[in-house]
Protein chains: 2
Amino acid sequence: MNSEEEVNDFVKNGHQQYLPHLSIDPVIFGYHDQQLKILLHKWIGLDGWGLPGGFIRRREPLSQAAHRILQERTGLEDLFLQQFHVFGDSPYRLQERSAREFTEKYGLVVEKDNWLFERTLSIGYFALVDYSKVSVRTDFFTTDYRWWDISDIPPLLFDQNEVVDKALATLRLQIYHQPIGLNLLPEKFTLSEIHSLYETILGKELDQRNFAKKLVSLGLIKKLAEQRAIGPHRSPYLYQFEKDAYENALKQGIVHTY
Amino acid sequence: MNSEEEVNDFVKNGHQQYLPHLSIDPVIFGYHDQQLKILLHKWIGLDGWGLPGGFIRRREPLSQAAHRILQERTGLEDLFLQQFHVFGDSPYRLQERSAREFTEKYGLVVEKDNWLFERTLSIGYFALVDYSKVSVRTDFFTTDYRWWDISDIPPLLFDQNEVVDKALATLRLQIYHQPIGLNLLPEKFTLSEIHSLYETILGKELDQRNFAKKLVSLGLIKKLAEQRAIGPHRSPYLYQFEKDAYENALKQGIVHTY
DNA sequence: TTTGTATTCCGTAAATTTTACGGAATATTT
DNA sequence: AAATATTCCGTAAAATTTACGGAATACAAA
């Protein structure tokens with residue numbers, strides 16, 4: 001959606017294609033090189049940073065909409081994506097927005113009862129991706145984007161700081177119950193790599209040896225015979241996820257601590 | 001909403017008062033006397049059992065709407081009520097319903113594009129109450145109700161069996177991380193009572209002694225000096241929740257097993 | 001070839017938590 | 001006083017979690 005024609009059509013006729021009152025706002029966590037970031041877009045007019053949201057098509061299943069929006073924004077398919085909460089309490093979520101303001105900011109003429117100004121509840125999803133593999137796309141409303149370190153999130157639009165906080169809390173709770181890493185690490189990875197991943201996401205240190213013991217004893221990873229030469233020091237062995245156990249743990253959940 | 005006038009107004013003009021495309025469908029778990037049940041209403045016309053749902057007012061915060069709906073249906077305020085999932089994937093949730101059918105079943109004349117026939121996503125909440133303290137109210141659409149044992153849920157409308165299953169799974173997972181019982185047990189209760197409560201909810205046996213030890217060691221309950229005379233046998237001591245620890249555990253979560 | 005550097009690899013003992021389990025105590029009824 | 005029904009208590013074994021340091025090794029530089 002970038003040409004003026006498309007944008008106009010979206011604003012004027014979007015309600016025919018999309019459900020009003022609802023948006024999907026994904027918190028996209030990007031991990032790479034021991035850093036955990038989230039993807040934010042700069043919304044023009046509103047002049048602030050916000051989540052890369054989208055709308056649900058009228059005959060589109062909810063989870064499909066979430067995947068589509070993520071795909072449109074990042075080019076990624078088939079990743080860890082999970083619904084975590086609906087936000088509909090904050091004053092921002094109760095307010096209807098003004099058409100005049102919109103016209104001033106975007107230079108588009110719209111009617112007062114345009115669907116975009118109605119009260120909108122936000123369905124929060126979060127995803128976990130390798131941000132070095134993402135090619136972010138912007139559009140008419142979002143001209144710029146940036147990956148922000150989670151320790152350094154700027155003030156966001158509406159109640160989206162709350163959304164991000166809750167997403168992070170959910171992710172950190174979840175990692176105790178479900179495995180993570182399948183699409184974030186190379187097919188074959190070292191213990192250090194997966195260890196760093198978990199430490200970074202949880203934001204705290206984990207004993208290297210006990211951590212590895214735990215994952216192995218849960219049957220989630222297995223040691224390969226291969227090693228990887230990466231520098232002037234002993235070469236680490238490579239590990240692989242046990243797909244079956246991994247899938248199973250995703251579904252069933254695991255009860256444990258690290 | 002019971003007079004014909006009110007119902008007509010709701011059907012015709014409800015969209016002015018309520019958000020379309022969204023409903024709140026609470027799964028109300030009722031516990032009493034070692035039985036765990038859920039509240040279902042018999043929906044006339046649709047001729048089946050379903051959850052006692054409701055709609056969100058246009059300027060009403062989401063969680064307030066959930067509490068209101070519960071209050072309207074059960075008379076209860078201030079109880080354990082929690083959002084757990086949005087349902088928008090099942091074919092039922094994509095379908096729009098037909099006006100003709102509606103007219104046939106309810107004898108109300110409605111237009112084809114009435115708001116009630118549009119695709120509706122369901123925001124799932126679950127609550128936990130003492131069903132002996134509930135006075136259920138019905139309305140024009142729901143003439144009858146019944147508490148159904150969770151092991152014996154009938155086929156429900158739409159995708160609501162899935163909703164109920166997920167609610168139960170969430171409850172059972174949650175009880176490992178957050179305390180339960182504050183509004184389900186008397187102010188002062190015996191170990192047997194709280195033990196039965198947990199066994200019933202989890203649907204499995206828990207060692208009596210270890211269970212009590214755990215709750216005490218977590219600081220969630222404390223033993224009182226009083227006993228309660230209840231039969232031709234030794235009288236049990238009474239216990240009370242430690243409110244502070246309880247509230248704290250609700251917020252922070254506990255990591256443990258039983 | 002040797003030496004230095006950076007990183008990986010491994011295992012055990014102590015502490016804590018969880019599990020398993022049975023017999024004595026006691027309030028009431030007969 | 002005896003019978004009945006239920007509560008109360010504690011310990012030992014098993015399992016899990018935690019804490020922790022020194023030898024091995026791949027490469028680079030001398």
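Remember, predicted model here, so these are calculated numbers, not experimental data. Convention: sequence-line order gives letters A, B, ...; per-chain numbering from 1.
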### Query
Are side-chain heavy atoms of B/Thr138 and B/Thr143 found at a separation under 4.5 Å?
no
### Query
Which whole-number value in Å describes the distance from B/Glu205 CD to C/dC21 P?
13 Å
### Query
Quick one: B/Arg228 CZ to D/dA5 P, roughly how many Å, whole number?
21 Å
## Note on the structure
Taking for A/Asp207 and for A/Gly231 the nucleotide of DNA chain D with the nearest heavy atom, the one nearer the 5' end belongs to A/Asp207
### Query
Can you find a side chain N or O atom of A/Ser192 that sits less than 4.0 Å from OP1 or OP2 on C/dT8?
yes
### Query
Going by modelled atom types, is there a donor-acceptor pair between the base of D/dT7 and the side chain of B/Lys223 at under 3.5 Å?
no
#### Entry: Integer-rounded Å distance: D/dT6 P and B/His195 NE2
15 Å
### Short N-O contact, A/Lys204 and A/Glu199, less than 4.0 angstrom
no
### Query
Closest to the B/Pro232 side chain: D/dA26, C/dT17, C/dT28?
C/dT28
### Query
Over how many whole Å does the gap from B/Phe211 atom CZ to C/dT18 atom P extend?
14 Å
### Message
Ring centres under 6.0 Å, that's the criterion: do B/His85 and A/His85 meet it?
### Response
no
### Query
Does B/Ser235 or A/Tyr237 map to a spot on DNA chain C nearer the 5' end, using the closest nucleotide for each?
A/Tyr237
### Query
Side-chain donor or acceptor of B/Lys213 under 3.5 Å from a matching atom on the base of D/dT11?
yes
### Task
May I ask you to decide if the ring planes of B/Phe29 and B/Phe126 are parallel, tilted or perpendicular, using 30° and 60° as cut-offs?
perpendicular
### Message
Can you say whether a donor on the side chain of A/Arg234 sits under 3.5 Å from an acceptor on the base of C/dT8, or the other way round?
### Response
yes
### Task
Look at A/Arg68 together with A/Glu60 and state whether they make a salt bridge at an N to O cut-off of under 4.0 Å.
yes
### Query
Taking the side chain of B/Lys214 as heavy atoms from C-beta outward, which of D/dC9, C/dT18, C/dC9 is closest to it?
C/dT18
### Task
Return the value, rounded to whole Å, for the distance between atom CD1 of A/Ile230 and atom P of D/dC27.
10 Å
### Task
Grab the CG-P distance between B/Leu206 and C/dC21 for me, whole Å please.
16 Å
### Task
Figure out the CG/P separation between A/Asn210 and D/dT16, and round it to whole Å.
14 Å
### Query
Between A/Gln208 (CD) and C/dG11 (C1'), how many Å, whole number?
15 Å
### 5' priority, DNA chain D, between B/Leu238 and A/Arg209 [closest heavy atom]
B/Leu238
